[in-house]
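For reference, the structure discussed in these notes is given below.
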Amino acid sequence: MEFIPKQDFDVKKIADSGQCFRLNQLEAGRFQLTALDRCVELTERADDWALDCSAAELDKLWRGYFDLDTDYGTYRAAVPEKDVYLTAATDFGRGIRILRQDPWEMLVTFIISQRKNIPAIRACVETLCSRYGEPIGTTYAFPTPAALAGADEETLRACALGYRAGYVLAAAQMADAGTLDLSALVSLEDDQLAESLMTVPGVGVKVANCVSLFGYHRIAAFPRDVWMNRVIHEHYRGRFPLYRYKGFAGVMQQYLFYYARYEGKIAEK
DNA sequence: GCCCAGGTGACGG
DNA sequence: CCGTCACATGGG
């Protein structure tokens with residue numbers, strides 16, 4: 001068992017931040033994460049989160065995955081006091097980090113994400129994993145490109161993918177055949193990376209930005225979805241000051257997304 | 001039944 | 001280059 005200090009690390013918020021879809025609450029203060037072909041539990045304690053793995057595994061996998069060696073206070077310090085909304089958002093979202101997730105999983109997940117809400121995305125991904133992924137204990141790894149490339153479109157559709165099934169199948173075939181070498185893209189500049197990702201059908205600017213941000217840790221990427229457009233329209237006169245956050249705007253995007261969705265939920269009640 | 005969800009691609013102007 | 005529209009599916 002290993003322990004991660006709560007200082008700027010909140011599993012509850014990360015689970016609900018819309019960047020990952022396989023970090024699930026089992027009960028209050030207890031979460032299960034399936035990622036990197038592993039499945040681990042995270043349990044909340046007074047001053048830290050307990051992670052059921054060895055010290056070696058924490059150092060080798062999870063420290064990087066959770067981006068634990070980065071000081072997010074530095075990012076938040078870039079927000080001027082006069083930006084009341086973003087100040088509130090960064091305060092409210094303190095503990096969120098940009099995870100280093102698998103590029104392939106992010107590509108498929110965010111292709112699926114279009115015109116779906118977060119619970120629906122979770123359900124789709126889980127179905128895909130249980131039908132095409134390798135078992136890991138009681139759960140399943142994310143399917144490999146080969147596993148999905150061998151599927152037929154109608155069966156994929158039955159995972160509630162709808163019209164996205166063809167996109168996912170094409171992505172799998174490209175990745176499996178090497179037409180698109182996802183691991184080779186790490187050496188590309190942000191613009192070229194996004195451009196390469198957009199060669200996949202169903203991947204436009206927004207999905208490419210999400211894959212860049214969450215799958216390649218390009219924290220300068222700033223995905224604009226309906227929530228972000230709403231925030232920018234309502235609080236920034238249609239123009240968000242990206243220039244203040246050069247090189248890490250994606251971190252601010254994540255704080256804004258989390259805060260905006262929370263506000264929306266409150267408004268509903 | 002209606003509207004919306006971490007959009008994209010095809011089409012017409 | 002722009003705006004508009006169809007696209008499957010599930011939840012509120």
Side-chain angles (χ1 to χ4, degrees), chain A residues 13-24 89 92-93 96-99 101-128 130-131 151-172 174 180 194-236 238 240 242 249-269:
Chain A
K13 294 180 186 176
I14 292 170
D16 196 30
S17 70
Q19 60 174 309
C20 60
F21 302 89
R22 305 197 72 204
L23 175 54
N24 302 313
F92 183 75
I96 290 175
R97 289 167 174 273
I98 307 293
L99 305 182
Q101 301 183 75
D102 177 65
W104 163 244
E105 180 173 341
M106 291 300 97
L107 178 62
V108 174
T109 299
F110 280 96
I111 285 173
I112 291 170
S113 77
Q114 59 180 266
R115 302 305 295 172
K116 276 185 180 293
N117 57 29
I118 289 177
I121 299 166
R122 281 180 184 275
C124 271
V125 169
E126 222 44 54
T127 305
L128 267 188
S130 63
R131 294 190 188 174
D152 72 285
E153 192 172 328
E154 285 314 305
T155 316
L156 273 181
R157 247 173 209 272
C159 299
L161 294 188
Y163 64 90
R164 307 161 192 80
Y167 297 154
V168 170
L169 188 57
M174 289 171 76
L180 182 69
E195 207 172 305
S196 301
L197 292 170
M198 284 191 284
T199 62
V200 180
V203 178
V205 174
K206 189 270 173 183
V207 170
N209 270 305
C210 283
V211 177
S212 296
L213 179 56
F214 304 128
Y216 290 88
H217 206 73
R218 301 303 174 94
I219 59 171
F222 190 86
R224 289 170 189 259
D225 67 336
V226 290
W227 290 98
M228 209 47 46
N229 288 333
R230 201 171 293 159
V231 164
I232 293 170
H233 176 72
E234 289 176 8
H235 298 280
Y236 294 92
F240 183 75
L242 286 169
V251 178
M252 296 302 147
Q253 191 273 0
Q254 199 58 18
Y255 283 126
L256 287 170
F257 179 80
Y258 181 74
Y259 190 52
R261 279 189 65 237
Y262 169 80
E263 283 193 321
K265 283 177 193 169
I266 295 300
E268 283 170 17
K269 293 172 187 173

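Residue numbers start from 1 in every chain, and the chains themselves are labelled A, B, ... in the order their sequence lines are given, proteins ahead of strands.
Side-chain contact between Lys206(A) and Arg224(A) is absent, with no heavy-atom pair separated by less than 4.5 Å.
Comparing Pro119(A) and Val203(A) against DNA chain B, the residue whose closest nucleotide sits nearer the 5' end is Pro119(A). Each of Ser113(A) and Val200(A) has a nearest nucleotide on DNA chain B; the 5'-most of these lies closest to Ser113(A).
The environment of Glu195(A) atom CD is sparse: at most 12 non-hydrogen atoms of other residues, nucleotides or ligands sit within 6.0 angstrom.
For Tyr167(A) against dG7(B), a side-chain-to-base donor-acceptor contact under 3.5 Å is absent.
Here dG7(B) presents its P atom at 10 Å from CZ of Phe110(A), a figure rounded to the nearest Å. Atom CG in Asn229(A) sits roughly 15 Å away from atom P in dC4(B) (whole-Å rounding). Summarising the geometry, the separation between CD1 on Ile118(A) and C1' on dC4(B) is reported as 13 Å, rounded to the nearest angstrom. The separation between Ile112(A) atom CD1 and dA5(B) atom P is 19 Å, rounded to whole Å. Per the geometry, CD1 belonging to Ile121(A) stands 13 Å off C1' belonging to dG11(C), to the nearest Å. In this entry the distance linking OH of Tyr163(A) with P of dT9(C) reads 11 Å, nearest Å. For the pair Arg224(A) CZ and dA5(B) P, the computed distance is 17 Å after rounding to whole Å. For the pair Asn209(A) CG and dG7(B) P, the computed distance is 13 Å after rounding to whole Å.
Residue Arg164(A) places none of its side-chain N or O atoms closer than 4.0 Å to OP1 or OP2 of dA6(C). Residue Arg157(A) places at least one side-chain N or O under 4.0 Å from the OP1 or OP2 atom of dA8(C).
The side chain of Asn117(A) approaches dA5(B) more closely than any other nucleotide in the set dT8(B), dA5(B), dT9(C).
With rounding to the nearest 0.5 angstrom, the OH atom of Tyr258(A) is 11.5 Å from the CD atom of Gln19(A).
Base engagement by Gly18(A) is indicated by at least one non-hydrogen atom pair under 4.0 Å involving a base atom. Heavy atoms of Phe214(A) sit under 4.0 angstrom from at least one base atom. If you check every strand for non-hydrogen atoms under 4.0 Å, Arg122(A) touches nothing. Among the protein residues, Thr109(A) comes within range of no part of the nucleic acid, since none of its heavy atoms lies under 4.0 Å from any strand.
Donor-acceptor pairing under 3.5 Å is recorded for the side chains of Asn24(A) and Arg122(A).
Across the P atoms, dC11(B) and dA8(C) are found 15 Å apart, a figure rounded to whole Å.
Judged by distance alone, with hydrogens and angles left aside, the side-chain atoms of Glu153(A) form no donor-acceptor pair with the main-chain N or O of Leu169(A) at under 3.5 Å.
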